[in-house]
Amino acid sequence: MASNLPGKENQAKTYLEALPFLEDLIASRLVKGETERQTFRIWNDILAQYFPGRENYSLGPELSPESGRAALFTAHLIPEAGWEEKFIVVECLAPGLETEEFAWQDAFNKLGQDLVGVSGQHRKYGVVAIGSCVRLYEWRDGQLFNIADGQTFYLDRQCRAITEQLLYFRENH
């Protein structure tokens with residue numbers, strides 16, 4: 001994966017511009033030897049930027065103690081109706097596994113298990129984040145579909161593409 005890194009995108013109007021500390025965190029915390037907690041932490045910051053509480057979004061852990069993984073969900077609260085729509089689940093794995101296809105497949109399977117349990121007819125999305133690498137999915141008809149033709153994105157290099165997908169998720173759930 002690292003041999004053909006994509007060029008760095010313009011950071012204007014992305015999470016890297018909005019959260020100036022994030023680039024340093026990505027560089028210093030998403031390194032081999034760190035745990036999935038660091039991946040979770042950075043994704044929590046990114047999601048909070050695009051899904052703020054003041055707009056009735058809520059972030060929380062998707063608890064799965066037996067797996068040893070960290071996962072995060074985003075829900076849109078609908079106070080008038082008295083319910084919420086959980087619509088994004090992020091599976092977070094430790095840095096250092098980015099080139100291990102078994103890790104991607106295992107996280108993909110876990111993401112599917114998490115999303116099958118999300119009720120409602122609204123659109124649902126999934127993210128597999130392994131360190132600074134990301135794959136994005138949509139849940140349709142009981143299956144996960146990669147929405148970027150299998151592409152892996154890099155948090156520190158493709159911030160614009162990832163931001164555009166998150167904005168799409170926000171507008172289309």
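Sequential numbering from 1 along the given sequence is applied to the chain's residues.
Taking the six-membered ring where the residue is Trp, Y125 and Y168 present perpendicular rings, their angle passing 60° and hence far from 30°.
Taken together through direct or relayed side-chain contacts under 4.5 Å among Ile, Leu, Val, Met, Phe, Trp and Tyr, L115 and F51 form parts of separate hydrophobic clusters. L77 and F169 fall into different hydrophobic clusters, where Ile, Leu, Val, Met, Phe, Trp and Tyr are joined by side-chain heavy atoms under 4.5 Å apart, directly or via other members. V134 and L144 are assigned to two separate hydrophobic clusters, defined by single-linkage of ILVMFWY side chains at heavy-atom distances under 4.5 Å. F40 is not connected to V31 by any chain of hydrophobic side-chain contacts under 4.5 Å among Ile, Leu, Val, Met, Phe, Trp and Tyr, and they are in different clusters. L136 and F145 are assigned to two separate hydrophobic clusters, defined by single-linkage of ILVMFWY side chains at heavy-atom distances under 4.5 Å.
Counting heavy atoms from C-beta outward, K32 and P95 have side chains that stay 4.5 Å or more apart. Between W43 and V127, some side-chain heavy-atom pair lies under the 4.5 Å cut-off. With contacts defined as side-chain heavy-atom distances shorter than 4.5 Å, the pair Y57/P52 qualifies. Two residues are said to be in side-chain contact when any heavy atoms from C-beta on lie closer than 4.5 Å; T74 and K86 fail this criterion. Two residues are said to be in side-chain contact when any heavy atoms from C-beta on lie closer than 4.5 Å; E164 and T14 fail this criterion. For the pair L59 and N44, the minimum side-chain heavy-atom distance is below 4.5 Å. When side chains are defined from C-beta on, I78 does not count as touching E84, because their heavy atoms never get closer than 4.5 Å. Between V128 and Y137, some side-chain heavy-atom pair lies under the 4.5 Å cut-off.
Atom CD1 of I26 is separated from atom CG of L19 by 9.5 Å, given to the nearest 0.5 angstrom. Taking OG of S119 as the reference point, atom CH2 of W83 lies at 9.0 Å (rounded to 0.5 Å). Taken to the nearest 0.5 Å, the CD atom of E85 stands 10.5 Å off from the CD atom of Q121. Interatomic distance, CG of L97 versus CD of E36, reported as 9.0 Å (0.5 Å rounding). The CD1 atom of I42 lies 9.0 Å from the CD atom of E34; values are rounded to the nearest 0.5 Å. To the nearest 0.5 Å, atoms CG (N172) and CD (E138) are separated by 8.5 Å.
Listed for the R157 side chain is a donor-acceptor partner under 3.5 Å among the backbone atoms of P6. Of the possible polar contacts, one joining the Q158 side chain to the Y154 backbone as a donor-acceptor pair under 3.5 Å is found. A side-chain donor-acceptor contact under 3.5 Å links E9 to the backbone of C159. Side-chain atoms of W104 come within 3.5 Å of backbone N or O of E98 as a donor-acceptor pair.
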Could you walk me through whether T39 and I130 pass the side-chain contact (heavy atoms from CB on, under 4.5 Å) test, one step at a time? CA-CA 7 Å; T39 308; I130 302 181; over 6 Å; no
Trace of the side-chain contact (heavy atoms from CB on, under 4.5 Å) decision for L47 with L166: CA-CA 8 Å; L47 292 174; L166 293 174; 4.2 Å; yes
Using side-chain contact (heavy atoms from CB on, under 4.5 Å), reason through L25 and R41 one step at a time and then give a plain yes or no. CA-CA 10 Å; L25 274 183; R41 173 186 182 186; 3.9 Å; yes
The test is salt bridge (charged side-chain N to carboxylate O under 4.0 Å, His left out); show your working for R135 and E91 and say whether it passes. CA-CA 10 Å; R135 292 183 185 168; E91 284 293 325; over 6 Å; no
I162/Y15 under side-chain contact (heavy atoms from CB on, under 4.5 Å): CA gap, chis, key distance, verdict: CA-CA 9 Å; I162 294 168; Y15 50 84; 3.4 Å; yes
Do N109 and Q105 pass the side chain to side chain donor-acceptor pair (under 3.5 Å) test, and can you show the C-alpha distance, the side-chain angles, and the key distance before you say yes or no? CA-CA 6 Å; N109 293 339; Q105 188 60 50; 3.1 Å; yes
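When all heavy atoms of D114 and A71 are compared, the pair lying nearest together is OD2-CB, 4.3 Å. Contact record, L16 with L155: CD1-O, 3.9 Å, taken as the closest heavy-atom pair. Between T152 and C133, the shortest heavy-atom distance links the atoms CG2-CB, 3.7 Å. Considering all non-hydrogen atoms of both residues, F153 and A161 come closest at CE2-CB, 3.7 Å. Taking all atoms of both residues into account, the shortest heavy-atom contact from G131 to L30 is O-CD1, 3.5 Å. Taking every heavy atom of both residues into account, H173 and R170 meet most closely at ND1-O, 2.9 Å.
Surrounding CZ of R123 are more than 12 heavy atoms belonging to other residues, nucleotides or ligands, all under 6.0 Å away. Residue-environment remark: NZ (K8) exceeds the threshold of 12 foreign heavy atoms within 6.0 Å.
Of the N and O atoms on the side chains of D45 and Q49, not one donor lies less than 3.5 Å from an acceptor on the other residue. Checked by atom type, the side-chain pair T163/Y50 shows a donor-acceptor distance below 3.5 Å.
The cationic atom of K124 (NZ for Lys, CZ for Arg) does not lie both less than 6.0 Å from the six-membered ring centre of F87 and within 45° of the ring axis.
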